[in-house]
Amino acid sequence: MNRKPPCKLTVKRALVCVILLAMPARSVASPQASRQAQGSRLPDNARVRAALDWFSPNISWVNDQQARITEIPAPPFQEAQRAAAVKELFAETGLPAQIDKIGNVTAELRGVNEKEIVIVAAHLDTVFPAGTEVKVHREGSRMTAPGISDNGSGVAALLAMARAAQFAHLKPQRSILFVGDVGEEGEGNLRGMRALVEAYRSKLKAVVVLDGSGTDHVTTKALASRRLEALITGPGGHSWSDFGMPNPINALVRGSVRFINTKVPASPRTTFNIGQIEGGTSVNSVPHEARLKVDIRSESEDELTRLESALRECIAAGVRDETESAHDRSKGKLEWKVDLLGSRPGGELAADSALLAALRAADEHIGNQSRIERSSTDANIPLSLGIDAISIGVGGSGGGAHSLQEWYDSAGREAGLKRALLTIFGISGLAEEQSR
Ligand SMILES: [Zn+2]
């Protein structure tokens, strides 16, 4: 890790720190540099310390909110009930919240400079369909339930941030918008974040995404991905009397076998996954349709485009093979199409960005080392548009994401909450009357 040594380690840096502390920041540096300087001395501020100290005695409150939120089902496209509960919890902290057109719940902590905004977002949705048992089982500091970590932990941290900031009467320089957003998982296609970025684009200075547990990473690189659906249709018929007519499932299987033999490079890392396959109505019918869903990811947009074309060519070839081998083509032919279900654009945070500096300063304060990661998160949207963004875990530990055995252990979660709060206020800055 290329981490900057703390100020006190070198004489030269110590001098710079003294100068920055002694003079009004504005007169010596750009607003960005002054915020960076402020980030490294944030924990010295009494109000910031009060906010940081709020977490330890209130961990059971945070855990309880996490359990409560996780037990409100939030399947894809059905986040409304959870959003309403989060709205109420924001209101309890004294931050009036709203639900926007797309279903995001937003609560604003007004800054001195309302023309600039920092978004802190945790996604509300889960991958689990309606009807999934979401009761939380608790044993000591460990909680088990689908969605408890991804993203029950993130939403609980979001509320904890708001609560701690309100408790300590923190006033940011730039406004902070706390958001529980919809549509992060699967076919939600990041619609909540897309809508937010569109609505606030002109004021938006940074986005901090809270997603899952841990403090071991910071996602600064957005992994590009596409989700595609192949559909093959035909006339359908009887398994005995219509034997020999082209069969959409046969064609799909033929095309799939071709596709999974496609070579992908190890670098730039590129992957594909056939995640769902369905079709047919009964064992003794020639099906009239068959469909397949594929997720493709790559460090390179070019590879994605290449792989998407490969899928189209393979499905077309599967249809051709099946049609050629069918000896009865009189009852109709096969049709096919490949649709784009979703696309997550790639992007990357600059290594010298103020946001990464704020995160590094927070890491340093809690004695943490984190590695840079590339992944597919809500941060993809701002990063793809050149807006500074990161995605981080919120402390504690967890596992089994997207499975019914998902778990979260809150032991040590304070460190993650402090890291997130320092990062957020590091990038928003503190109101000048509070920063002294
Ligand atoms: Zn997540």
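Note: hydrogens, waters and symmetry copies are ignored here, and every other heavy atom, side chains too, is used.
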Give me the atom names and distance for the closest heavy-atom approach of [X] to [Y].
{"X": "F425", "Y": "P172", "result": "CE2-CB, 4.0 Å"}
{"X": "V134", "Y": "T70", "result": "CB-O, 3.7 Å"}
{"X": "P248", "Y": "G234", "result": "CG-N, 3.7 Å"}
{"X": "Q66", "Y": "G152", "result": "CG-O, 3.5 Å"}
{"X": "S298", "Y": "L223", "result": "O-CD1, 3.4 Å"}
{"X": "I274", "Y": "S256", "result": "CD1-CB, 4.2 Å"}

Would the distance check show the side chain of [X] and the main-chain N or O of [Y] forming a donor-acceptor pair, the cut-off being under 3.5 Å?
{"X": "Q81", "Y": "I72", "answer": "no"}
{"X": "N58", "Y": "W61", "answer": "no"}
{"X": "T270", "Y": "P268", "answer": "yes"}

Point to revise | Chi angles and distances behind the side chain to side chain contact (heavy atoms under 4.5 Å, CB included) call for V207, M193 | key: CA-CA 10 Å; V207 179; M193 184 55 76; 3.9 Å; yes
Check your understanding: Just wondering, more than 12 heavy atoms not from Q98 lying within 6.0 Å of its CD?
Key ->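 No, because the 6.0 Å sphere around CD of Q98 holds 12 heavy atoms or fewer from other groups.
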Exercise for review: Flag yes if more than 12 heavy atoms outside R110 fall under 6.0 Å of its CZ atom; otherwise flag no.
Suggested key: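 No.
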**Study point:** Non-neighbouring partners of R306 that pass side-chain hydrogen bond (donor to acceptor under 3.5 Å, both in side chains), sequence neighbours left out
**Key:**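 Residues passing side-chain hydrogen bond (donor to acceptor under 3.5 Å, both in side chains) with R306: E303.
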Exercise for review: Check step by step if side chain to side chain contact (heavy atoms under 4.5 Å, CB included) holds for L89 and E92.
Suggested key: CA-CA 5 Å; L89 284 162; E92 279 175 27; 3.9 Å; yes
Give every residue pair that meets the salt bridge (Lys or Arg N to Asp or Glu O under 4.0 Å) criterion with at least one member in [range], sequence neighbours excluded.
{"range": "residues 125-137", "result": "E71-K135"}
{"range": "residues 192-214", "result": "none"}
{"range": "residues 408-429", "result": "D363-R419"}
{"range": "residues 137-162", "result": "D64-R138"}

Point to revise | Qualifying residue, where the test is side chain to side chain contact (heavy atoms under 4.5 Å, CB included) with I390 and the options are L355, I427, T219, I372 | key: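 Testing I390 for a side chain to side chain contact (heavy atoms under 4.5 Å, CB included) against L355, I427, T219, I372 leaves exactly one candidate, L355.
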Exercise for review: Using side chain to side chain contact (heavy atoms under 4.5 Å, CB included) as the criterion, point out the one residue from L385, L190, V209 that pairs with N380.
Suggested key: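 Exactly one option meets the side chain to side chain contact (heavy atoms under 4.5 Å, CB included) with N380, and it is L190.
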Exercise for review: Assess the side chains of R226 and T305: does a donor N or O sit below 3.5 Å from an acceptor N or O?
Suggested key: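 Their side chains do contain a donor-acceptor pair, which is all the 3.5 Å distance test asks for.
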Expected list for residues 162-170: side-chain donor-acceptor pairs under 3.5 angstrom, two or more places apart:
unit_1: Q166; atom_1: NE2; unit_2: T93; atom_2: O; d: 3.1
unit_1: Q166; atom_1: NE2; unit_2: G94; atom_2: O; d: 3.4

